[in-house]
Amino acid sequence: MTQSHFTLNNGKKIPSIGLGTWQSAPGEVAKAVEHALKSGYRHLDCAWAYGNEAEVGQGIKASGVPREEIFVTSKLFELHHHPEHVPLAIKDTLKNLGLEYLDLYLLHWNINFEVDAPAGTLPQFDHRIKGESGKFKLDVALCEDVTPTWREMEKLVDQGLVKSIGISNFNINRTKKLLKEARIKPVADQVELSLQCPQPELVAWLKKNDILPQGYSPLGGTGKTNLRDNEVVKKIADKHGVQTANILLSWLVARGINPVPKSVTPERIENNLKLVDLSKEEFEELESLSQSHPPNRVCDQSDSFEPTYDIYQENHPEFSDKAQFAKEQ
């Protein structure tokens, strides 16, 4: 039987499919959120960096769905990881969304920009500092140790401004470092997860450590159709009488992953909510397909900063997920 919710490590429940709001054009998001909630969605995935949280809030209000029925996630962006900026960031997000609290607040990336913003103000994109290369400079010390940021996020739970806190784009090594210092354990790690980027070691490790793996770009990324056009996926979809997106999402949920597909198209929004029960053979066929090729990420910012920062450490002999996972076997 298809799974309607996952239970987080603090006992709270999160709907198994969420509506992603990344890369949604201005003017489209409010209608998409309203339609999704009216169609049965109860999980919205947002972020300050997407620049559209005010529209998300408009959609929530227009839907008429009671706040307590909706699980709302947002993310603390890498402009705002300095401890003094965390209270300002949550205040801005809640104001934009028109909410009094978040159900989940994620540390968006394990990186942090150097910023030059007036004291007491929330840094904006134009407060980033460029280095000699023309790329924006990172505060490497805070990238390597996010504990000061996490302490401020823990305070938000204590204050009732957020119900749960988690991480995003963290690998096993960086998550282990955080767990050694955390008073409140992260409930989730939102990373790129799809048929083309399955990350089996990370998923297995997160589940073993009772941290929910959440998946962004679960259909392969905005505007890309290669996963939905795959012949194996098509064959299974035809057997179940559904679209290929339903198979891709159902496979992720069956792996214990919480996907957040993005769409502003009413028909696709409705369709993405439909999960099917995959047979053991179908599940294994998709598992084999996912590991039959080198992983392909939609999103990797490692070379976008000064200095270059290896976010995922995929080729590191000690800190890659493969190496970290193997050490524990």
Side-chain angles (χ1 to χ4, degrees), residues 21-22 24 26 29-30 33 44-61 67 70-131 136-170 174 178 181-190 301 304-305 309 311:
T21 56
W22 182 40
S24 295
V29 182
V33 168
L44 302 175
D45 185 76
C46 319
W48 182 93
Y50 302 166
N52 56 19
E53 289 190 321
E55 277 200 55
V56 173
Q58 293 165 16
I60 292 173
K61 186 175 181 180
R67 167 66 183 96
I70 310 170
F71 193 104
V72 182
T73 298
S74 187
K75 308 177 188 75
L76 180 72
F77 195 50
E78 54 256 40
L79 293 173
H80 306 146
H81 289 191
H82 287 100
E84 67 270 23
H85 295 144
V86 176
L88 300 174
I90 187 66
K91 182 179 178 180
D92 198 52
T93 277
L94 290 175
K95 181 190 73 174
N96 289 334
L97 290 168
L99 303 178
E100 295 182 355
Y101 68 91
L102 292 177
D103 295 278
L104 176 59
Y105 202 30
L106 302 177
L107 194 58
H108 204 157
W109 291 87
N110 64 295
I111 51 176
N112 184 72
F113 290 112
E114 286 191 16
V115 294
D116 183 15
T121 63
L122 183 67
Q124 304 296 312
F125 284 98
D126 58 3
H127 289 130
R128 292 175 294 180
I129 300 171
K130 282 189 177 180
F136 293 108
K137 297 177 70 173
L138 290 183
D139 181 336
V140 177
L142 195 52
C143 296
E144 287 296 297
D145 181 10
V146 301
T147 305
T149 310
W150 193 254
R151 290 282 177 261
E152 294 301 314
M153 293 181 71
E154 290 174 329
K155 291 178 185 177
L156 301 181
V157 178
D158 298 337
Q159 295 162 8
L161 295 174
V162 304
K163 302 293 186 183
S164 305
I165 50 178
I167 51 183
S168 182
N169 297 297
F170 273 57
R174 300 191 196 283
L178 176 59
E181 305 296 334
R183 173 172 63 88
I184 299 177
K185 184 177 181 178
V187 300
D189 185 9
Q190 186 175 130
Q301 302 183 64
S304 302
F305 318 108
Y309 192 75
I311 294 172

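By convention here, the first residue in the shown sequence is residue 1.
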Looking at side-chain heavy atoms only, is the closest gap between [X] and [Y] below 4.5 Å?
{"X": "Lys91", "Y": "Leu122", "answer": "no"}
{"X": "Tyr50", "Y": "Lys75", "answer": "yes"}
{"X": "Ile60", "Y": "Val33", "answer": "yes"}
{"X": "Asp158", "Y": "Arg183", "answer": "yes"}
{"X": "Phe113", "Y": "Leu138", "answer": "yes"}

- request: Output, in order, the C-alpha distance, side-chain angles, deciding distance and verdict of side-chain contact (heavy atoms from CB on, under 4.5 Å) for Arg174 and Ile167.
  value: CA-CA 10 Å; Arg174 300 191 196 283; Ile167 51 183; over 6 Å; no
message: Please determine whether side-chain contact (heavy atoms from CB on, under 4.5 Å) holds for the pair Leu107 and His81, giving the CA-CA distance in whole Å, both sets of side-chain angles, and the decisive distance to 0.1 Å.
response: CA-CA 8 Å; Leu107 194 58; His81 289 191; 3.5 Å; yes
Ionic contact status for Asp116 with Lys130, cut-off 4.0 Å: no
task: Could you tell me whether Asp92 and Lys95 have a side-chain N and a carboxylate O separated by less than 4.0 Å?
output: yes
message: Under the criterion side-chain contact (heavy atoms from CB on, under 4.5 Å), I'd like the reasoning laid out for Leu156 against Ile165: C-alpha separation, chi angles, the key distance, then a yes or no.
response: CA-CA 9 Å; Leu156 301 181; Ile165 50 178; 5.6 Å; no
message: Test side-chain contact (heavy atoms from CB on, under 4.5 Å) on Leu104 and Gln190; report intermediate values, then the result.
response: CA-CA 11 Å; Leu104 176 59; Gln190 186 175 130; over 6 Å; no
In Å and rounded to the nearest 0.5 Å, what is the [atom1] to [atom2] distance from [X] to [Y]?
{"X": "Gln159", "Y": "Ile90", "atom1": "CD", "atom2": "CD1", "result": "9.5 Å"}
{"X": "Leu79", "Y": "His108", "atom1": "CG", "atom2": "NE2", "result": "11.0 Å"}
{"X": "Ser74", "Y": "Leu94", "atom1": "OG", "atom2": "CG", "result": "8.5 Å"}
{"X": "Asn112", "Y": "Phe77", "atom1": "CG", "atom2": "CZ", "result": "10.0 Å"}
{"X": "Trp109", "Y": "Asn169", "atom1": "CH2", "atom2": "CG", "result": "3.5 Å"}
{"X": "His82", "Y": "Thr149", "atom1": "NE2", "atom2": "OG1", "result": "8.0 Å"}

Quick one: does any side-chain atom of [X] pair with a main-chain N or O of [Y] as donor and acceptor, under 3.5 Å?
{"X": "Glu55", "Y": "Val29", "value": "yes"}
{"X": "Lys163", "Y": "Leu102", "value": "no"}
{"X": "Asp103", "Y": "Ser164", "value": "no"}
{"X": "Thr21", "Y": "Asp45", "value": "yes"}
{"X": "His80", "Y": "Pro123", "value": "yes"}

Quick one: closest heavy-atom pair of [X] and [Y], and the distance?
{"X": "Phe170", "Y": "Asp189", "answer": "O-OD2, 2.7 Å"}
{"X": "Glu53", "Y": "Ala47", "answer": "OE2-C, 3.3 Å"}
{"X": "Ile311", "Y": "Phe305", "answer": "CD1-CE1, 4.2 Å"}
{"X": "Glu152", "Y": "Lys155", "answer": "OE2-NZ, 3.0 Å"}

- request: Mind running side-chain hydrogen bond (donor to acceptor under 3.5 Å, both in side chains) on Glu144 and Tyr309 for me, showing each step along the way?
  value: CA-CA 10 Å; Glu144 287 296 297; Tyr309 192 75; 2.3 Å; yes
query: Are more than 12 heavy atoms from other residues, nucleotides or ligands located less than 6.0 Å from atom NZ of Lys61?
result: no
- request: Might you confirm whether atom CD of Gln124 has over 12 heavy atoms from other residues, nucleotides or ligands at distances under 6.0 Å?
  value: yes
- prompt: Taking Ile184 as the fixed residue, which of Arg151, Met153, Glu154 is the one that meets the side-chain contact (heavy atoms from CB on, under 4.5 Å) rule?
  reply: Glu154
